[in-house]
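Position 1 is the first residue of the sequence; numbering continues from there. Scope of the values below: all heavy atoms of this structure, side chains included, with no hydrogens, waters or symmetry mates.
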Amino acid sequence: MDKREKARRSSAQRTRLRRRTKQNKSSMVCITVLLLAMAGIMSVQMASLYEKNQAYRGREQELQSQLEAEQARQEELEEYGEYITTKEYIEKVAKTKLGLVYPNEVIFKEKGEAP
């Protein structure tokens with residue numbers, strides 16, 4: 001009977017070992033599938049983030065060029081502001097728009113062509 005008991009025990013051990021092996025294989029398959037799914041999701045997210053990053057870089061360059069243009073315009077306006085306070089500008093406006101002249105200044109006008 002000793003042999004029978006040993007055979008039963010070894011058969012039961014083999015059955016338990018098979019069950020564990022099947023459970024381990026199915027667990028490994030589940031874990032592998034989950035990891036692959038997560039890797040796929042992460043790669044899709046990385047691709048979308050890369051596209052957003054490229055769009056933001058393009059927008060940044062566009063805004064940088066606008067900023068430079070506005071700074072140049074600001075400098076021009078500052079120079080113009082300084083120019084309109086000069087005596088030269090005041091004289092030019094007085095002569096062209098108001099028709100004023102200095103007391104000892106003579107103005108020559110061209111005759112228009114006759115029709």
**Request:** Report the C-alpha distance between E62 and R59 in whole Å, list the side-chain angles of each, state the deciding distance to 0.1 Å, and finish with yes or no for salt bridge (charged side-chain N to carboxylate O under 4.0 Å, His left out).
**Result:** CA-CA 5 Å; E62 179 183 326; R59 179 75 174 139; 3.2 Å; yes
**Message:** Is it true that, when you exclude Y50 itself, more than 12 heavy atoms of the residues, nucleotides or ligands shown sit nearer than 6.0 Å to its OH?
**Reply:** no
**Message:** If I take atom CD from residue Q66 and atom CD from residue Q64, how far apart are they, to the nearest 0.5 angstrom?
**Reply:** 10.5 Å
**Neighbour count above 12 (heavy atom, 6.0 Å) for E88 CD** = no
**Prompt:** What residues, two or more places apart in sequence or in another chain, satisfy side chain to side chain contact (heavy atoms under 4.5 Å, CB included) together with T85?
**Reply:** none
List, one per line, each side-chain donor-acceptor pair under 3.5 Å for residues 91-105, sequence neighbours excluded.
| residue | atom | partner | partner atom | Å |
| --- | --- | --- | --- | --- |
| E91 | OE2 | Y102 | OH | 2.5 |
| K95 | NZ | E105 | OE2 | 3.2 |
| T96 | OG1 | K92 | O | 2.8 |
| E105 | OE1 | Y102 | N | 3.2 |

**Message:** My understanding is that only one of E78, E76, E70 makes a side-chain contact (heavy atoms from CB on, under 4.5 Å) with Q74; could you say which?
**Reply:** E78
**Asked** Out of curiosity, L63 CG to Y56 OH, how far, rounded to the nearest 0.5 Å?
**Response** 12.5 Å
**Item:** Inter-residue atom distance Q71.CD - E68.CD, 0.5 Å rounding
**Value:** 7.0 Å
Result block: side-chain N/O donor-acceptor pairs under 3.5 angstrom for residues 26-48, not counting sequence neighbours:
| residue | atom | partner | partner atom | Å |
| --- | --- | --- | --- | --- |
| S26 | OG | K22 | O | 3.2 |
| S26 | OG | Q23 | O | 2.9 |
| S27 | OG | Q23 | O | 2.8 |
| T32 | OG1 | M28 | O | 2.7 |
| S43 | OG | A39 | O | 3.4 |
| S43 | OG | G40 | O | 2.7 |
| S48 | OG | Q45 | O | 2.9 |

**Asked** Take atom CD in E60; do more than 12 heavy atoms of anything else shown fall under 6.0 Å from it?
**Response** no
